[in-house]
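Counting starts at 1 for both ligands and their atoms, in listed order. We're numbering straight along the sequence, starting at 1. All values derive from a computational prediction rather than experimental measurement.
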Amino acid sequence: MKTEPFSFMINSPGFIPSYFDNHIKRHLSDMKGQFNNKEAFQEVLEAGDKLLYEVYELKRPEIEGEILHGISIVHPGKIGEEYYMTKGHFHTVLETAEIYYTLQGEGMMVMETPEGDWAVEELKTGGVLYVPPRWAHRSINVHSDQDLVMFFAYPGNAGHDYGTIETQGFRKLVLSKSGKPQIVDNPHWKPPEK
Ligand code: 6PG
Ligand code: NI
């Protein structure tokens with residue numbers, strides 16, 4: 001981790017940062033229980049543990065005042081009618097926001113508060129999304145063959161709470177209906193306990 005001021009490049013077409021500290025690869029098997037169509041998940045998994053998305057992290061001390069940042073690349077594909085997506089998470093410190101800048105692609109960001117309020121924002125090249133504090137977030141690639149590439153930045157002390165989403169899911173899903181993304185209710189969503 002660098003202590004002096006530093007710069008790095010994000011060059012197309014690959015968008016892999018010229019300097020990064022950590023490279024995360026999420027495969028289909030890492031997403032067990034996350035996709036709506038369990039049969040389709042099993043069928044695709046048996047054909048091979050596909051790489052769904054990658055994250056290139058610029059690590060910083062996980063303290064207030066620092067800003068963690070990096071590149072997330074969601075590859076194109078579908079599991080049943082559902083598009084390739086990230087796990088999704090709340091920040092452990094709920095009162096922490098996040099900014100996403102879409103460098104390439106077409107997607108949707110599904111978001112939700114602990115109270116169950118929901119929002120879905122379109123992601124497209126050149127677009128900036130502000131995810132306010134308290135909103136869990138999952139990015140979804142709705143393009144048929146192009147990577148969804150985003151630069152993200154969030155507070156160093158945020159942390160990641162995946163457990164809540166793994167348990168209750170997101171209230172909304174984005175499914176491909178006649179080739180177009182459609183927002184639908186998640187039949188498996190478990191409302192937050194009061
Ligand atoms: C974060 C960011 C972002 C996110 C990736 C992968 O808080 O770190 O939201 O970097 O981690 O988009 O998504 P998952 O963390 O949900 O797998
Ligand atoms: Ni986040």
Side-chain angles (χ1 to χ4, degrees), residues 1 8 10 15-17 19-35 41 49-77 79 82-114 118-124 127-143 147-174 186:
M1 198 184 301
F8 59 93
I10 301 170
F15 300 100
I16 297 173
Y19 166 79
F20 56 88
D21 297 298
N22 188 29
H23 177 202
I24 298 168
K25 289 183 166 187
R26 293 267 193 246
H27 290 83
L28 186 56
S29 56
D30 300 319
M31 303 283 286
K32 195 165 177 41
Q34 301 290 316
F35 284 98
F41 174 88
D49 196 4
K50 297 216 177 348
L51 178 61
L52 267 60
Y53 66 99
E54 302 174 66
V55 184
Y56 293 88
E57 293 184 316
L58 280 290
K59 287 277 185 193
R60 304 301 310 162
E62 299 198 358
I63 57 171
E64 218 161 333
E66 286 277 0
I67 299 173
L68 285 156
H69 53 292
I71 293 286
S72 124
I73 301 176
V74 185
H75 300 299
I79 306 295
E82 217 168 351
Y83 300 96
Y84 281 11
M85 59 190 190
T86 60
K87 277 177 173 248
H89 57 270
F90 282 98
H91 289 159
T92 311
V93 177
L94 271 176
E95 302 305 336
T96 52
E98 184 154 350
I99 289 180
Y100 281 91
Y101 171 53
T102 301
L103 292 155
Q104 174 191 277
E106 279 172 43
M108 299 261 200
M109 188 71 79
V110 171
M111 296 166 278
E112 190 165 318
T113 67
W118 67 274
V120 178
E121 288 283 318
E122 271 193 36
L123 304 166
K124 47 181 176 259
V128 174
L129 168 69
Y130 189 80
V131 182
R134 304 179 57 72
W135 288 82
H137 36 284
R138 163 182 278 167
S139 30
I140 300 171
N141 183 350
V142 302
H143 197 283
D147 280 344
L148 173 64
V149 184
M150 295 178 287
F151 174 82
F152 59 80
Y154 61 101
N157 64 325
H160 296 93
D161 161 17
Y162 292 105
T164 305
I165 293 299
E166 277 160 8
T167 313
Q168 67 184 52
F170 275 91
R171 188 168 190 166
K172 297 291 176 179
L173 304 175
V174 178
N186 176 1

Salt bridge flag under 4.0 Å for residues Glu112 and Lys172 = no
query = Does the side chain of His91 pick up a donor-acceptor pair with the side chain of His160 at under 3.5 Å?
reply = no
query = What N/O/S atom of His89 gets nearest to the Ni ion (ligand 2)?
reply = NE2
query = Counting each atom of ligand 1 from 1 as listed, which ones have a heavy atom of Arg26 under 4.0 Å away?
reply = 17 (O)
request  = List the steps and the verdict of side-chain contact (heavy atoms from CB on, under 4.5 Å) for Phe41 and Lys32.
outcome  = CA-CA 8 Å; Phe41 174 88; Lys32 195 165 177 41; 4.2 Å; yes
task = For ligand 1, note which part of His160 has a heavy atom under 4.0 Å away: side chain, backbone, both or neither.
result = side chain
task = Would you mind running through ligand 1 and noting each atom that sits below 4.0 Å from a heavy atom of Phe152?
result = 10 (O)
query = Nearest protein heavy atom to atom 17 (O) of ligand 1, by residue and atom, and its distance?
reply = Tyr53 OH, 2.5 Å
key: Heavy atom of the protein closest to atom 15 (O) of ligand 1 (residue, atom name, distance)   = Tyr162 OH, 2.5 Å
query = Counting heavy atoms not belonging to Glu64, are there more than 12 under 6.0 Å from its CD?
reply = no
query = So, do Gln34 and Arg138 sit near enough that their side-chain heavy atoms are less than 4.5 Å apart?
reply = yes
query = Quick check: does His91 have an N/O/S atom under 2.8 Å of the Ni ion (ligand 2)?
reply = yes
key: Proximity to ligand 1 by part of Arg138, non-hydrogen separation under 4.0 Å   = neither
Qualifying residue, where the test is side-chain hydrogen bond (donor to acceptor under 3.5 Å, both in side chains) with Tyr53 and the options are Lys25, Lys87, Arg26 = Arg26
task = Identify the two heavy atoms, one from Lys59 and one from Asp21, that lie closest to each other, and give their separation to 0.1 Å.
result = N-OD2, 2.7 Å
Shortest protein heavy-atom distance from atom 11 (O) of ligand 1, along with the residue and atom involved = His89 CE1, 3.7 Å
request  = May I ask you to decide if Ala153's main-chain N or O and Tyr101's side chain share a donor-acceptor pair within less than 3.5 Å?
outcome  = no
ask   = To the nearest 0.1 Å, how far is atom 13 (O) of ligand 1 from its closest protein heavy atom, and which atom is that?
value = Thr86 CB, 3.6 Å
task = Please indicate whether Ile67 has more than 12 foreign heavy atoms, meaning atoms of other residues, nucleotides or ligands, lying under 6.0 Å from its CD1.
result = no
request  = Looking at His137, pick out the N, O or S atom nearest to the Ni ion (ligand 2) and give its name.
outcome  = NE2
task = Examine the proximity of ligand 1 to Glu98 and report which part, side chain or backbone, both or neither, has a heavy atom under 4.0 Å away.
result = side chain
task = Return yes or no for this condition: an N or O of Ser139 is under 3.5 Å from an N or O of ligand 1.
result = no
inquiry  = Residue-level breakdown please: for Tyr100 versus ligand 1, do any non-hydrogen atoms fall below 4.0 Å on the side chain, on the backbone, on both, or on neither?
reply    = side chain
inquiry  = Tell me whether His91 reaches ligand 1 (any heavy atom closer than 4.0 angstrom to a ligand atom).
reply    = yes
query = Which ligand 1 atoms are under 4.0 Å away from a heavy-atom of Ser72?
reply = 12 (O)
ask   = Under 6.0 Å from the CD atom of Glu122, do we count more than 12 heavy atoms belonging to anything else shown?
value = no
request  = Have a look at Glu98 and say which of its N, O or S atoms is nearest the Ni ion (ligand 2).
outcome  = OE1
ask   = Relative to the heavy atoms of His137, which atoms of ligand 1 are at a distance of less than 4.0 Å?
value = 9 (O)
message = Contact between Asp147 and Gln104 at the side-chain level, heavy atoms closer than 4.5 Å - yes or no?
response = yes
query = Nearest protein heavy-atom contact for atom 5 (C) of ligand 1: which residue, which atom, what distance?
reply = Val55 CG2, 4.0 Å
task = Return a yes/no value for Gly88: is any of its N or O atoms, backbone included, closer than 3.5 angstrom to an N or O of ligand 1?
result = yes
key: Closest non-hydrogen atom pair, Pro114 against Arg134   = CD-O, 3.2 Å
